[in-house]
Structure formats: structure tokens, C-alpha cells
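Below is one structure, written out as C-alpha cells; comments come after it.
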Amino acid sequence: MSTEIISEAPPLTVQQPLPLAMVRGQMVIDRPEDLFIPPDALEVLLEAFEGPLDFLLYLIRKHKFDIVDLPINEITLQYMEYIDLMQDMNFELAAEYLVMAAMLAEIKSRLLLPKHDELAETEVDPRAELVRRLQEYERFKLAASQLDELPREERDFFQGHAALADNYQPYVILPEVSMADLLSALSDIAKRVKDFKHHHISKEKLSTRERMSQILEQLRTHGYLEFSQCFSLEEGRAGVVVSFLAILELTKEKLIQLTQVEAYGQIHLKLA
Amino acid sequence: MANKINDLQLIQLLEACLFASDRPLTIDELSDVVLADFLLTKKRLQQALKQLTLDYQGRGIELVLTAKGYRFQSKPEWSQYIALLWPERSPKYSRAVLETLALIAYRQPITRGEIEEVRGVTVSSQMIRTLLDRGWIKVVGHKEVPGRPGLYATTPEFLTYFGVKSLAELPTLPELVPVGEFFNTVGMTEGSIQ
Amino acid sequence: MANKINDLQLIQLLEACLFASDRPLTIDELSDVVLADFLLTKKRLQQALKQLTLDYQGRGIELVLTAKGYRFQSKPEWSQYIALLWPERSPKYSRAVLETLALIAYRQPITRGEIEEVRGVTVSSQMIRTLLDRGWIKVVGHKEVPGRPGLYATTPEFLTYFGVKSLAELPTLPELVPVGEFFNTVGMTEGSIQ
């Protein structure tokens with residue numbers, strides 16, 4: 001996966017003259033016409049260049065050719081010698097290298113053709129496109145090396161990070177529940193349980209049950225309540241009825257006990 | 001190699017390393033790896049770490065020595081705000097939890113046994129825990145039967161969440177409201193309650 | 001809720017959050033998420049961040065504004081020592097990757113075919129995949145030509161990784177002598193052929 005992205009890169013910042021290849025840390029700057037190239041050097045050569053444009057640029061720089069007035073004959077000769085050598089040694093060449101060879105040969109032949117004077121004004125130099133591409137490629141080759149020199153995370157700086165305190169607890173967003181969810185749950189229970197109707201639920205009955213919970217809670221904190229403390233005048237008649245029903249229901253469910261020490265005396269509520 | 005480093009540089013380097021590292025660093029790692037190139041006593045290193053600890057007093061983070069080495073960590077008082085950066089959505093409540101809640105709301109005060117009786121299935125402690133943790137139910141008493149089971153009721157938070165002032169404001173299921181029957185039982189006229 | 005927070009607490013809270021987070025935080029995230037409960041103007045927040053930046057001058061780390069927001073990062077001068085903690089890291093990128101990235105950065109939006117045209121070689125799917133996975137590039141559209149190839153652009157993560165706030169901060173693309181001036185029509189010298 002990341003081997004491609006994190007592979008050992010050849011030195012980027014060196015512009016010219018580039019070594020032909022690096023073999024076991026040693027530069028190999030060979031000329032095919034007069035020197036033997038060790039086979040492993042050729043293998044590295046293929047990997048050292050980013051394709052035929054990069055390789056051509058290398059040849060141009062090495063021979064100090066003028067890129068805008070490209071000596072097609074010589075550059076083609078140089079290029080072909082390397083390509084032939086590599087093919088002789090049975091190295092698998094990327095197709096782009098062969099396409100470039102064909103292009104060079106074509107440009108060469110077009111330059112050798114006799115020119116027609118009447119067409120001269122409109123005929124474009126056959127080298128123009130290649131030179132344009134070489135120059136364009138070189139711009140981005142330089143841009144890539146500039147990019148490589150930028151201060152970079154994990155190499156030139158590291159993100160500052162602190163651990164979380166020991167008391168850290170994730171912030172949990174609790175699930176939403178709608179009234180409809182609640183009613184639908186209730187409805188499900190009702191459908192399942194036939195006799196649920198006996199525990200009829202009405203608004204009034206709910207008030208009673210709420211009051212039952214309230215009285216129980218008060219009893220839990222105070223131990224006992226006087227009967228009169230369970231009624232609040234502000235609630236009006238309806239409130240009095242609700243409290244009364246709640247007390248009756250609590251007694252019926254044996255949750256509280258009512259005691260009266262003497263006739264007409266104060267009635268006390270306490271937990272059963 | 002034995003390079004020199006002054007105290008200020010030493011503190012800066014230690015600070016940069018401790019912040020860049022994603023794990024605590026021991027004194028040995030600092031001295032043998034990071035500071036391998038420098039001529040330095042362990043004592044000087046310890047003094048620098050002490051100074052660095054002091055430098056962060058009164059800041060939002062602190063340098064602490066854990067069992068695994070030194071590390072910077074956020075001060076406890078800011079944890080709840082940091083947590084806001086990574087909210088975790090907890091899963092929706094199960095049908096069982098919703099039914100239990102509905103029964104507690106409409107039949108309170110009610111014991112777990114009574115809920116089980118109506119629902120016909122076991123009510124797990126986990127479900128009750130979920131509702132207690134949410135603050136929607138509480139124990140309002142204990143039923144005086146063997147085991148003294150807790151009596152559950154809804155809380156004011158429950159009412160607030162559902163936007164009602166009292167349980168009476170909760171909607172009812174039309175098919176479940178035999179109003180007449182109710183009033184017959186307790187022998188009252190409908191008019192008496194609004 | 002609208003709680004109050006004093007300047008000292010604000011700076012501490014920001015400091016704790018920025019260090020606790022493993023990614024940069026934007027002003028909006030800080031004000032709308034972390035500080036949601038506090039009554040606070042954006043201006044006050046910005047001043048607090050400025051003060052925090054000043055607090056770290058002369059220390060081993062610094063608060064910087066990246067393309068993705070604020071974050072603390074180690075000062076470059078200590079990197080070589082920090083890197084000793086992870087000898088296996090310190091990634092080098094192949095020229096293929098850097099050239100492809102440079103083309104996407106300077107020529108975006110650009111198709112894979114257009115990258116291949118300039119580089120003169122095939123750009124492997126795996127390399128594009130790696131750059132996408134790394135979060136450095138993304139598909140921002142499709143070119144309306146047969147096959148509708150994806151148009152690639154760089155992301156804020158790319159800028160942050162290379163320590164710049166915006167594309168404009170990248171080094172300018174090297175300018176070379178334009179070809180046109182030398183190649184008008186058949187203006188070449190005979191000597192070049194021989």
C-alpha cells in the first residue's frame with residue numbers, strides 16, 4: 001500500500017548533472033558508447049527516472065544540450081543506445097520508453113525531409129511539441145522538489161498532543177423519546193394484555209397515581225404525615241378529590257397505613 | 001558525540017518531545033534516545049523536568065509522571081468541555097425500555113414485579129438502570145411484601161422532558177379510557193372533577 | 001445557558017482543548033462546540049488565541065493556524081531529536097508521488113490523464129488511491145469528456161501536512177523560458193539536425 005508513497009526516493013534536489021544511477025551507494029555515470037554498464041546499474045536506471053521525459057532531460061543536461069534548440073540527431077542516438085542496451089539485456093521496458101523512441105525517430109525523419117519553401121511559413125518545427133513537453137515536465141519536476149523541501153509534518157514538525165485527564169468521560173448524547181413512542185409502547189402493552197382495561201388509564205386516574213407517588217415520597221422523607229397535610233387548599237376541590245383518591249388507592253394497595261389514635265382525632269399516614 | 005545544550009534549550013527540547021509523543025516517555029528514553037547526543041547528567045534532566053512541571057502550573061494542561069513515564073495531560077476541570085468535541089450517540093431505547101417507562105408513568109408507583117406481571121416478561125436490572133440514570137424514574141418507597149421491592153415513579157425531569165406540567169397532562173389512549181366505569185367505582189359525578 | 005468565563009479560564013480551556021484534540025480546531029468549532037455554553041464574542045475568542053500564541057513564544061512548541069484550524073506543533077529546530085523516538089517513521093516520498101502531488105496542487109482540478117500527459121508516464125491507480133486514503137487529494141468533479149474522468153484537487157489536510165495555510169502560500173511554480181519565442185515557424189538552425 002504505502003510502500004509506493006514511502007519508498008526510498010532518489011535525491012530530488014540535485015538538478016544537474018544527475019548520476020545515471022546509484023548502485024550500492026555509488027554513482028554510476030556511464031556513457032553507453034564507451035563503457036560497460038553493470039547489469040544491476042541498468043535495473044536501477046529504470047527506477048531512477050520518472051519515465052522517458054525525465055530520462056531525456058537527464059541526457060540533455062548531461063550533454064549540455066540546449067533544450068530549446070534540441071539536437072535531435074544526437075539526443076535520439078543517445079536515447080536509442082540506452083534503449084537497445086536495455087532490450088539486449090532483456091529488461092522489461094515501460095511502453096512509454098518505446099513510444100518516446102518512436103517519437104524521436106519521427107521527429108528526426110521529418111527534419112531530414114526536404115522543406116517546401118511555399119509551406120515554410122506555416123510549418124511548425126517538429127521538435128516544438130517535444131520541447132514544450134520537456135519544459136513543462138521540468139517545471140513540475142522542480143515544483144516537486146520544492147514541495148519536498150517544504151517543512152513537513154512528521155519530518156520537520158510534529159503535532160503537539162496531550163493525554164486526557166483521568167476524570168475524562170465521553171459526552172454521550174442520550175436517545176430522544178417522543179410522546180408518540182411512549183403511547184405506542186403503551187398501546188402495545190394494551191394489545192398484548194387483555195385485562196389491561198381493568199387498569200384503565202384516564203387523565204383523572206393519572207393525577208391520582210401521580211399524587212400517590214408524591215405522598216409515598218413525602219412519607220419516605222418524613223416518616224409519617226398528618227391526614228390534613230395531604231390536602232392543599234390552593235388546589236381547590238379537584239385537588240382535594242385527587243389526594244383523597246390517592247390515599248384510598250394507597251391503602252387499598254397496602255402501601256400505607258392509616259391510623260387514628262382516638263375518635264375524631266388526627267388521622268396519620270405512615271408507610272405500611 | 002557530546003554536544004552541549006543549555007537549560008533553556010533542554011526544557012524546550014523536552015517540551016517538544018513530550019508533546020510530540022503519543023505515549024508517556026521515561027527518563028531513560030529521554031536521556032538515552034532523545035538526548036543521546038548531549039553531554040548531560042540525569043540530575044540535570046530531572047531538574048529540567050521539574051522546571052517544566054512548574055512552568056505549566058496555572059495552565060490548561062499539566063506535566064505528570066505516570067507509571068509509564070512523563071506525559072502532558074489536560075487539567076481535570078476542562079474534561080467536560082473537551083468531551084463536547086467528540087459526542088457519542090448512545091443507541092435508541094429498546095421497545096422493552098419504552099414499555100417499562102410507559103408502565104411506570106401510567107401505573108406509578110409500581111414495583112418491578114408488577115411491571116413484569118403486566119408485560120409478561122422479565123424486566124432486566126439494566127433497563128431500570130437506564131431509566132434511573134436518565135433521571136426519568138426514581139424509587140419513591142418500598143412495598144411491604146417479602147423482599148421489600150422498590151416502588152418506581154416518574155420524576156419532574158420526566159415531565160419536563162415530555163413538556164407537561166403533571167402526569168394528568170399526559171395523553172391517554174382513547175380505547176383505554178373507560179371514564180364512566182372509573183367514576184362509577186368511586187361513586188362520583190363527572191362534574192366533580194372539572 | 002450562558003455561563004461566564006474569565007480570560008484566564010478561557011485561555012486554559014482553549015489550551016486544554018487544542019492539546020487534547022488530535023486534529024486542528026477551527027474558530028467555529030471552538031466557539032460553537034466547546035464554548036457553546038459560554039457567553040462570548042468571537043473577538044474575545046480571537047484575542048484569547050492570540051494571547052495563547054504569545055504565551056508559547058520561546059517554548060518548544062508553538063500555536064499555529066493551519067488550513068484546517070489552530071493546533072500546537074513542535075518547533076522545527078527540535079524535529080531531528082524528536083524523530084529519534086520513531087526511527088521507523090520519517091516518511092520519504094517517491095518522486096512519482098511528489099510530481100503527481102505537485103501537478104494536482106498547481107493545476108487543480110486535473111484528471112489523471114492530464115497528469116500522465118505532463119509526466120509522460122502512467123499514473124498508477126494505487127498511487128491515486130494512496131493519496132486519496134491519505135486525505136491529501138479528493139475528487140471534486142468529473143470532466144465532461146468520454147469516460148467522465150474524475151477531477152482531482154488538494155485538500156486542507158494536504159496544506160496542513162506541508163505546513164501552509166493556503167495554496168497561495170505554496171512556492172511559485174518555476175517559470176521556464178517559453179518555447180514559443182524560439183520556435184516560430186521553421187526557425188531552427190540546420191546545425192541542430194546534424
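Reminder, nothing fancy here: chain letters follow the sequence lines and each chain counts from 1. The figures that follow rest on heavy atoms only: side chains count, while hydrogens, waters and symmetry mates do not.
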When only pairs under 4.5 Å are counted, which of [options] shares the most heavy-atom pairs with chain A?
options                              : value
B:Arg134, B:His142, B:Glu144         : B:Arg134
B:Ala16, B:Ser21, B:Ser166, B:Gly120 : B:Ser166
B:Phe162, B:Tyr152, B:Trp86, B:Trp78 : B:Phe162
B:Val64, B:Ile110, B:Leu84           : B:Leu84
B:Arg89, B:Arg119, B:Arg95, B:Lys92  : B:Arg95
B:Arg23, B:Gln73, B:Lys143           : B:Gln73

Next item on the list: Check whether the side chains of B:Glu15 and B:Tyr56 place a donor and an acceptor atom closer than 3.5 Å, and report yes or no.
Entry: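 Result is yes, a qualifying pair exists.
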
Item checked: Between A:Glu176 and B:Tyr161, a side-chain donor and acceptor under 3.5 Å -> yes

Note to self: side-chain contact (heavy atoms from CB on, under 4.5 Å), that's the test. Do A:Phe244 and A:Phe227 meet it? Break it down for me.
What the structure shows: CA-CA 10 Å; A:Phe244 187 63; A:Phe227 189 69; 4.2 Å; yes

Counting only heavy atoms closer than 4.5 Å, note whether [X] contacts chain A via side chain, backbone, both or neither.
X        : value
B:Lys75  : backbone
B:Ile104 : neither
B:Val164 : side chain
B:Arg71  : side chain
B:Ile61  : side chain
B:Pro91  : backbone
B:Leu151 : side chain

Item checked: Test item: B:Asp37 and B:Ile5 side chains (from C-beta on) under 4.5 Å apart, heavy atoms ->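 Sidechains of B:Ile5 and B:Asp37: no contact.
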
Checklist line | Residue, of A:Leu219, A:Val172, A:Leu174, that accumulates the most heavy atom pairs under 4.5 Å with chain B | finding: A:Leu174

Margin query: I'd like to know which of A:Met179, A:Met212, A:Gln159 tops the heavy-atom pair count under 4.5 Å against chain B.
Written below: A:Met179

Lys/Arg-Asp/Glu bridge criterion (N-O < 4.0 Å) met for [X], [Y]:
X        : Y        : value
B:Arg129 : B:Asp133 : yes
A:Asp148 : A:Arg155 : yes
A:Glu217 : B:Lys138 : yes

Given heavy-atom pairs under 4.5 angstrom as the criterion, report whether the side chain, backbone, both or neither of [X] touches chain B.
X        : answer
A:Leu255 : side chain
A:Gln214 : neither
A:Ser178 : backbone

Notebook entry, point to check: Are any side-chain N or O atoms of A:Arg209 and backbone N or O atoms of B:Gln108, one a donor and one an acceptor, separated by less than 3.5 Å?
Noted result: yes

Notebook entry, point to check: Does A:Thr221 use its side chain to pair, donor to acceptor, with the backbone of A:Gln218 at less than 3.5 Å?
Noted result: yes

Check: Should B:Glu117 and B:Arg112 be marked as a salt bridge (Lys or Arg N to Asp or Glu O under 4.0 Å) after you check the CA-CA gap, both sets of side-chain angles, and the distance that decides it?
Finding: CA-CA 9 Å; B:Glu117 208 173 297; B:Arg112 187 161 134 188; over 6 Å; no

Check: Just how far is it from atom CD of B:Gln9 to atom CG of B:Asn3, taken to the nearest 0.5 Å?
Finding: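 Here the rounded value is 10.5 Å.
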
